[in-house]
Peer 1: 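Below you'll find the structure I mean.
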Amino acid sequence: MSQPSEALGWRSVGDLVGNHPDAPVALIGAPLNERSLTPGRCDLGPKALRAVLPRLSTYDVETGLELDIKVHDAGDVALKAVSPFDAFEPVRDAVAAQAHRALTILVGGNNAITRPGVHALGLAKGLSSVGVLTLDAHFDLRDTDQGLTNGNPIQALLDDGMDGHRISQVGLAPFANTRRAHQKAEAAGISVRTARECRQRGLAAVVVEELERLSSLCEVIYVDFDIDVIDRSQWPASPGARPGGVSVHDFFDAARAIGAHPKVRAVDLTEYDPSLEVGDLGSLTAGRWFCEILSGVAAR
(Lines give C-alpha, C1' and ligand atoms only; values in the text may rest on other atoms or scores of the structure.)
Protein backbone atom coordinates (compact mmCIF):
# COMPACT_ATOMS: atom_id res chain seq x y z
CA MET A 1 0.00 0.00 0.00
CA SER A 2 1.38 3.41 -0.94
CA GLN A 3 2.18 5.99 1.72
CA PRO A 4 -0.28 8.90 2.08
CA SER A 5 0.90 12.12 0.47
CA GLU A 6 2.67 14.66 2.67
CA ALA A 7 2.29 17.37 0.07
CA LEU A 8 -0.09 19.45 2.19
CA GLY A 9 0.39 18.09 5.68
CA TRP A 10 1.95 15.52 7.96
CA ARG A 11 1.06 13.44 10.98
CA SER A 12 1.40 15.79 13.92
CA VAL A 13 1.62 15.56 17.68
CA GLY A 14 -1.80 17.18 17.70
CA ASP A 15 -3.15 14.00 16.10
CA LEU A 16 -2.11 12.05 19.20
CA VAL A 17 -4.21 14.18 21.56
CA GLY A 18 -7.95 13.70 21.90
CA ASN A 19 -10.64 11.63 23.56
CA HIS A 20 -8.64 8.48 24.27
CA PRO A 21 -9.93 6.93 27.52
CA ASP A 22 -7.38 4.11 27.48
CA ALA A 23 -4.35 6.31 26.72
CA PRO A 24 -1.28 5.98 28.98
CA VAL A 25 -0.92 9.76 29.23
CA ALA A 26 -3.44 12.45 30.17
CA LEU A 27 -3.35 16.20 29.47
CA ILE A 28 -5.12 18.61 31.82
CA GLY A 29 -5.28 22.37 31.47
CA ALA A 30 -5.09 24.37 34.71
CA PRO A 31 -5.45 28.03 33.67
CA LEU A 32 -4.92 29.49 37.13
CA ASN A 33 -3.93 33.15 37.05
CA GLU A 34 -5.09 34.71 40.31
CA ARG A 35 -2.56 35.90 42.90
CA SER A 36 0.39 35.90 40.53
CA LEU A 37 3.05 38.12 42.09
CA THR A 38 3.67 39.67 38.69
CA PRO A 39 0.32 40.20 36.91
CA GLY A 40 0.06 38.50 33.54
CA ARG A 41 -1.92 36.01 31.47
CA CYS A 42 -0.66 32.58 32.44
CA ASP A 43 -4.26 31.45 32.12
CA LEU A 44 -3.74 31.47 28.34
CA GLY A 45 -1.06 28.75 28.56
CA PRO A 46 -3.21 25.61 28.03
CA LYS A 47 -4.92 27.06 24.95
CA ALA A 48 -1.61 28.17 23.43
CA LEU A 49 0.00 24.76 23.99
CA ARG A 50 -2.86 22.86 22.38
CA ALA A 51 -2.92 25.26 19.44
CA VAL A 52 0.75 24.70 18.57
CA LEU A 53 0.73 20.87 18.62
CA PRO A 54 -0.43 20.49 14.96
CA ARG A 55 2.78 22.28 13.94
CA LEU A 56 4.97 19.58 15.49
CA SER A 57 5.76 16.33 13.69
CA THR A 58 5.72 12.98 15.47
CA TYR A 59 9.16 12.11 14.07
CA ASP A 60 12.49 12.86 15.83
CA VAL A 61 15.17 13.06 13.14
CA GLU A 62 17.95 12.92 15.77
CA THR A 63 16.97 9.56 17.25
CA GLY A 64 14.69 7.99 14.67
CA LEU A 65 11.83 7.89 17.18
CA GLU A 66 8.29 8.01 15.81
CA LEU A 67 5.90 9.10 18.55
CA ASP A 68 2.78 6.95 18.66
CA ILE A 69 1.58 7.52 22.22
CA LYS A 70 -2.05 8.50 22.58
CA VAL A 71 -2.81 11.32 24.99
CA HIS A 72 -6.22 11.67 26.60
CA ASP A 73 -7.24 15.33 26.70
CA ALA A 74 -9.18 15.70 29.94
CA GLY A 75 -9.97 19.34 29.24
CA ASP A 76 -9.42 22.36 31.46
CA VAL A 77 -10.22 22.79 35.12
CA ALA A 78 -12.61 25.76 35.50
CA LEU A 79 -10.39 28.33 37.25
CA LYS A 80 -11.45 31.73 35.90
CA ALA A 81 -11.15 34.29 38.73
CA VAL A 82 -10.46 31.44 41.20
CA SER A 83 -7.87 31.93 43.95
CA PRO A 84 -5.11 29.37 44.60
CA PHE A 85 -6.87 28.46 47.86
CA ASP A 86 -10.15 27.73 46.09
CA ALA A 87 -8.36 26.04 43.18
CA PHE A 88 -6.78 23.43 45.44
CA GLU A 89 -9.52 20.80 45.43
CA PRO A 90 -10.55 21.13 41.75
CA VAL A 91 -6.95 20.78 40.53
CA ARG A 92 -6.11 18.00 42.99
CA ASP A 93 -9.21 16.04 42.04
CA ALA A 94 -8.63 16.50 38.29
CA VAL A 95 -5.11 15.08 38.57
CA ALA A 96 -6.21 12.29 40.92
CA ALA A 97 -8.87 11.22 38.41
CA GLN A 98 -6.05 10.31 35.99
CA ALA A 99 -4.01 8.35 38.54
CA HIS A 100 -4.45 5.08 36.63
CA ARG A 101 -2.32 6.38 33.76
CA ALA A 102 1.45 6.21 33.43
CA LEU A 103 1.73 10.01 33.39
CA THR A 104 -0.45 13.07 33.84
CA ILE A 105 0.64 16.34 32.23
CA LEU A 106 -0.79 19.42 33.95
CA VAL A 107 -0.42 22.66 31.98
CA GLY A 108 -0.81 25.99 33.76
CA GLY A 109 -1.41 28.50 34.71
CA ASN A 110 0.79 29.89 37.42
CA ASN A 111 2.95 27.95 39.83
CA ALA A 112 0.21 27.69 42.46
CA ILE A 113 -1.08 24.60 40.60
CA THR A 114 1.95 22.60 41.80
CA ARG A 115 0.77 22.09 45.38
CA PRO A 116 -2.59 20.47 44.49
CA GLY A 117 -0.85 18.38 41.84
CA VAL A 118 1.52 17.00 44.45
CA HIS A 119 -1.33 16.29 46.83
CA ALA A 120 -3.10 14.32 44.09
CA LEU A 121 -0.20 11.87 43.99
CA GLY A 122 -0.30 11.62 47.77
CA LEU A 123 -4.00 10.85 48.14
CA ALA A 124 -3.49 7.09 48.31
CA LYS A 125 -0.55 6.87 50.71
CA GLY A 126 0.09 10.39 51.96
CA LEU A 127 2.70 13.02 51.15
CA SER A 128 5.41 10.79 52.63
CA SER A 129 5.12 8.61 49.50
CA VAL A 130 5.75 11.52 47.12
CA GLY A 131 8.95 13.19 45.96
CA VAL A 132 9.01 16.62 44.32
CA LEU A 133 11.50 17.85 41.74
CA THR A 134 11.34 21.45 40.58
CA LEU A 135 13.11 23.00 37.61
CA ASP A 136 12.80 26.63 38.59
CA ALA A 137 14.81 29.82 38.88
CA HIS A 138 13.16 30.43 42.27
CA PHE A 139 12.78 28.64 45.60
CA ASP A 140 9.04 29.43 45.85
CA LEU A 141 9.47 29.57 49.60
CA ARG A 142 7.80 32.90 50.26
CA ASP A 143 5.87 33.00 53.51
CA THR A 144 2.24 31.90 53.50
CA ASP A 145 0.98 34.32 56.15
CA GLN A 146 -0.63 36.45 53.43
CA GLY A 147 -2.21 33.49 51.71
CA LEU A 148 -1.32 31.30 48.75
CA THR A 149 0.37 32.77 45.67
CA ASN A 150 2.50 31.54 42.80
CA GLY A 151 5.52 32.39 44.96
CA ASN A 152 4.98 29.91 47.78
CA PRO A 153 3.88 26.45 46.62
CA ILE A 154 6.96 24.76 48.09
CA GLN A 155 6.56 26.60 51.39
CA ALA A 156 2.90 25.56 51.40
CA LEU A 157 3.91 21.92 50.93
CA LEU A 158 6.32 22.20 53.87
CA ASP A 159 3.48 23.74 55.88
CA ASP A 160 1.38 20.73 54.87
CA GLY A 161 3.94 18.47 56.53
CA MET A 162 6.00 17.40 53.55
CA ASP A 163 9.55 16.35 54.45
CA GLY A 164 12.01 18.71 52.76
CA HIS A 165 14.41 15.82 52.15
CA ARG A 166 11.88 14.61 49.57
CA ILE A 167 12.19 17.86 47.59
CA SER A 168 14.85 18.69 44.98
CA GLN A 169 15.16 22.17 43.49
CA VAL A 170 17.19 22.52 40.32
CA GLY A 171 18.18 25.60 38.29
CA LEU A 172 18.04 28.26 41.03
CA ALA A 173 19.19 31.63 39.74
CA PRO A 174 21.45 34.24 41.39
CA PHE A 175 19.92 37.59 42.32
CA ALA A 176 16.44 36.10 41.95
CA ASN A 177 16.06 34.74 45.49
CA THR A 178 16.70 35.83 49.08
CA ARG A 179 19.18 34.62 51.65
CA ARG A 180 16.25 33.76 53.91
CA ALA A 181 14.68 31.51 51.27
CA HIS A 182 18.00 29.73 50.77
CA GLN A 183 18.38 29.23 54.51
CA LYS A 184 14.82 27.92 54.76
CA ALA A 185 15.56 25.39 52.02
CA GLU A 186 18.73 24.20 53.69
CA ALA A 187 17.07 23.98 57.11
CA ALA A 188 14.25 21.89 55.63
CA GLY A 189 16.69 19.47 54.01
CA ILE A 190 15.81 20.43 50.44
CA SER A 191 18.43 19.52 47.82
CA VAL A 192 19.54 22.79 46.20
CA ARG A 193 21.17 22.81 42.75
CA THR A 194 22.00 26.16 41.17
CA ALA A 195 21.85 27.31 37.57
CA ARG A 196 25.66 27.54 37.47
CA GLU A 197 26.02 23.93 38.58
CA CYS A 198 23.53 22.90 35.90
CA ARG A 199 25.53 24.73 33.23
CA GLN A 200 28.84 23.26 34.38
CA ARG A 201 27.68 19.66 34.87
CA GLY A 202 24.75 19.53 32.47
CA LEU A 203 21.13 20.00 33.49
CA ALA A 204 20.10 16.49 32.46
CA ALA A 205 22.93 14.95 34.51
CA VAL A 206 21.89 16.93 37.60
CA VAL A 207 18.24 16.00 37.06
CA VAL A 208 19.06 12.30 36.74
CA GLU A 209 21.01 12.45 40.01
CA GLU A 210 18.08 14.06 41.79
CA LEU A 211 15.58 11.60 40.33
CA GLU A 212 17.67 8.72 41.65
CA ARG A 213 17.98 10.41 45.05
CA LEU A 214 14.23 10.89 45.26
CA SER A 215 13.57 7.36 44.00
CA SER A 216 15.38 5.97 47.01
CA LEU A 217 13.03 7.90 49.31
CA CYS A 218 9.67 7.89 47.55
CA GLU A 219 7.22 5.71 45.68
CA VAL A 220 6.15 8.35 43.14
CA ILE A 221 7.61 11.63 41.89
CA TYR A 222 5.97 14.89 40.84
CA VAL A 223 7.96 17.27 38.62
CA ASP A 224 7.29 20.99 38.35
CA PHE A 225 8.66 22.62 35.22
CA ASP A 226 8.50 26.33 36.02
CA ILE A 227 9.60 27.36 32.59
CA ASP A 228 11.20 30.58 33.82
CA VAL A 229 14.22 28.38 34.58
CA ILE A 230 15.23 28.90 30.92
CA ASP A 231 17.54 31.79 30.00
CA ARG A 232 15.44 34.83 29.16
CA SER A 233 17.15 35.34 25.79
CA GLN A 234 15.68 32.00 24.74
CA TRP A 235 12.48 32.21 26.77
CA PRO A 236 10.92 35.68 27.13
CA ALA A 237 7.39 34.40 27.82
CA SER A 238 7.61 34.30 31.63
CA PRO A 239 7.87 37.36 33.87
CA GLY A 240 10.36 35.59 36.15
CA ALA A 241 12.83 34.39 33.49
CA ARG A 242 16.31 35.90 33.93
CA PRO A 243 19.48 36.18 31.85
CA GLY A 244 21.81 33.36 32.88
CA GLY A 245 19.22 30.64 33.15
CA VAL A 246 19.59 27.15 31.71
CA SER A 247 19.69 26.70 27.94
CA VAL A 248 16.59 25.58 26.11
CA HIS A 249 18.55 22.63 24.66
CA ASP A 250 19.41 21.42 28.15
CA PHE A 251 15.81 21.96 29.23
CA PHE A 252 14.60 19.65 26.43
CA ASP A 253 17.16 16.97 27.34
CA ALA A 254 16.11 17.12 30.97
CA ALA A 255 12.44 16.86 30.01
CA ARG A 256 13.09 13.66 28.08
CA ALA A 257 15.04 12.15 30.98
CA ILE A 258 12.22 13.03 33.36
CA GLY A 259 9.56 11.57 31.08
CA ALA A 260 11.50 8.32 30.94
CA HIS A 261 11.68 7.79 34.70
CA PRO A 262 9.11 5.18 35.78
CA LYS A 263 8.41 6.82 39.15
CA VAL A 264 7.46 10.15 37.60
CA ARG A 265 3.67 10.03 37.57
CA ALA A 266 2.78 13.69 37.05
CA VAL A 267 4.49 16.78 35.63
CA ASP A 268 3.38 20.35 35.27
CA LEU A 269 4.35 23.29 33.08
CA THR A 270 3.90 26.62 34.84
CA GLU A 271 4.46 30.35 34.41
CA TYR A 272 4.05 30.34 30.60
CA ASP A 273 2.48 33.69 29.72
CA PRO A 274 1.52 33.86 26.03
CA SER A 275 0.93 37.62 26.33
CA LEU A 276 4.73 38.00 26.57
CA GLU A 277 5.37 36.05 23.34
CA VAL A 278 8.03 37.21 20.90
CA GLY A 279 6.71 35.80 17.67
CA ASP A 280 5.64 32.27 18.55
CA LEU A 281 8.83 31.35 20.40
CA GLY A 282 6.98 30.54 23.60
CA SER A 283 4.35 28.25 22.14
CA LEU A 284 6.87 26.35 20.01
CA THR A 285 9.14 25.89 23.04
CA ALA A 286 6.26 24.64 25.17
CA GLY A 287 5.18 22.33 22.34
CA ARG A 288 8.67 20.90 22.01
CA TRP A 289 8.72 20.32 25.79
CA PHE A 290 5.50 18.31 25.39
CA CYS A 291 7.14 16.23 22.64
CA GLU A 292 10.19 15.57 24.83
CA ILE A 293 8.02 14.41 27.72
CA LEU A 294 6.19 11.99 25.42
CA SER A 295 9.51 10.78 24.00
CA GLY A 296 10.67 9.98 27.49
CA VAL A 297 7.48 8.03 28.25
CA ALA A 298 8.00 6.08 25.03
CA ALA A 299 11.36 4.91 26.38
CA ARG A 300 9.94 3.46 29.60
Side-chain angles (χ1 to χ4, degrees), residues 1 3-4 6 9-30 45-77 91 94-109 113 117 120-121 131 133 135 203-204 207-208 211 215 219-225 227 248-270 272 282-300:
M1 182 180 296
Q3 295 287 330
E6 293 183 345
W10 57 21
R11 185 168 179 263
S12 77
V13 174
D15 295 326
L16 303 177
V17 180
N19 183 21
H20 304 300
D22 297 326
V25 178
L27 170 65
I28 303 171
K47 181 179 179 180
L49 174 72
R50 289 187 178 98
V52 82
L53 296 181
R55 297 179 62 185
L56 296 160
S57 163
T58 56
Y59 180 66
D60 178 2
V61 70
E62 294 179 336
T63 66
L65 173 68
E66 181 78 42
L67 282 175
D68 196 28
I69 295 178
K70 296 295 185 183
V71 179
H72 176 64
D73 192 339
D76 287 358
V77 184
V91 175
V95 175
Q98 307 302 324
H100 58 289
R101 304 186 196 276
L103 184 71
T104 299
I105 301 173
L106 184 65
V107 177
I113 68 171
L121 291 192
L133 170 63
L135 279 70
L203 176 61
V207 160
V208 167
L211 286 172
S215 290
E219 295 184 32
V220 293
I221 298 172
Y222 185 99
V223 181
D224 163 38
F225 289 87
I227 202 163
V248 71
H249 309 90
D250 289 346
F251 183 77
F252 293 149
D253 288 346
R256 187 173 295 213
I258 287 165
H261 199 285
K263 285 195 175 183
V264 174
R265 298 296 303 279
V267 302
D268 69 35
L269 184 75
T270 63
Y272 168 33
S283 62
L284 286 169
T285 301
R288 170 70 182 273
W289 166 84
F290 186 79
C291 294
E292 294 294 342
I293 293 292
L294 294 184
S295 297
V297 175
R300 291 189 183 185

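For reference, positions follow the sequence shown, starting with 1.
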Peer 1: Return the minimal non-hydrogen interatomic distance between D76 and R50, and the atom names on each side.
Peer 2: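 In this case the closest contact between D76 and R50 is OD1-NH1, 2.8 Å.
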
Peer 1: So do the side chains of L294 and V71 get within less than 4.5 Å of each other, counting heavy atoms only?
Peer 2: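 Sidechains of V71 and L294: in contact.
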
Peer 1: Give me the atom names and distance for the closest heavy-atom approach of C291 to V13.
Peer 2: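 Heavy-atom minimum between the residues: SG-CG2, 3.6 Å.
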
Peer 1: Looking only at non-hydrogen atoms, find the nearest pair between A286 and L269 and report the distance.
Peer 2: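 Scanning both residues, the minimum pair turns out to be CB-CD2, 3.9 Å.
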
Peer 1: Could you list the residues that satisfy ring-ring contact (aromatic ring centres under 6.0 Å, His included) with F225, not counting sequence neighbours?
Peer 2: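 Applying ring-ring contact (aromatic ring centres under 6.0 Å, His included) to F225 gives F251, W289.
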
Peer 1: Testing V223, I258, V297 for side chain to side chain contact (heavy atoms under 4.5 Å, CB included) with L103, which one passes?
Peer 2: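 The side chain to side chain contact (heavy atoms under 4.5 Å, CB included) with L103 is passed solely by V297 among V223, I258, V297.
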
Peer 1: Of the non-hydrogen atoms in L53 and G287, which two are nearest, and what is the gap between them?
Peer 2: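 L53 and G287 have their closest heavy atoms at CD2-CA, 4.3 Å.
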
Peer 1: State, with a plain yes or no, whether a side-chain heavy atom of I227 is found less than 4.5 Å away from one of T270.
Peer 2: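 The answer is no, as the side chains (C-beta and beyond) never meet within the 4.5 Å cut-off.
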
Peer 1: Less than 4.5 Å apart, side chain to side chain, heavy atoms only: is that true for L65 and Y59?
Peer 2: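 The answer is no, as the side chains (C-beta and beyond) never meet within the 4.5 Å cut-off.
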
Peer 1: Could you tell me whether R11 and E66 make a salt bridge, using a distance below 4.0 angstrom between a side-chain N and a carboxylate O?
Peer 2: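 Counted as a salt bridge, because a side-chain N and a carboxylate O are separated by less than 4.0 Å.
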
Peer 1: Sub-3.5 Å donor-acceptor pair from the side chain of H20 to the main-chain atoms of D22, do we have one?
Peer 2: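 The answer is no, because no donor-acceptor pair under 3.5 Å joins these two groups.
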
Peer 1: Is the charged tip of R265 near the ring of Y222: under 6.0 Å from the six-membered ring centre and within 45° of its axis?
Peer 2: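 Relative to the ring axis of Y222, which defines the angle, R265 lies outside at least one limit.
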
Peer 1: Could I get the full list of salt bridge (charged side-chain N to carboxylate O under 4.0 Å, His left out) partners for R256, not counting sequence neighbours?
Peer 2: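 So R256 forms a salt bridge (charged side-chain N to carboxylate O under 4.0 Å, His left out) with D60, E292.
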
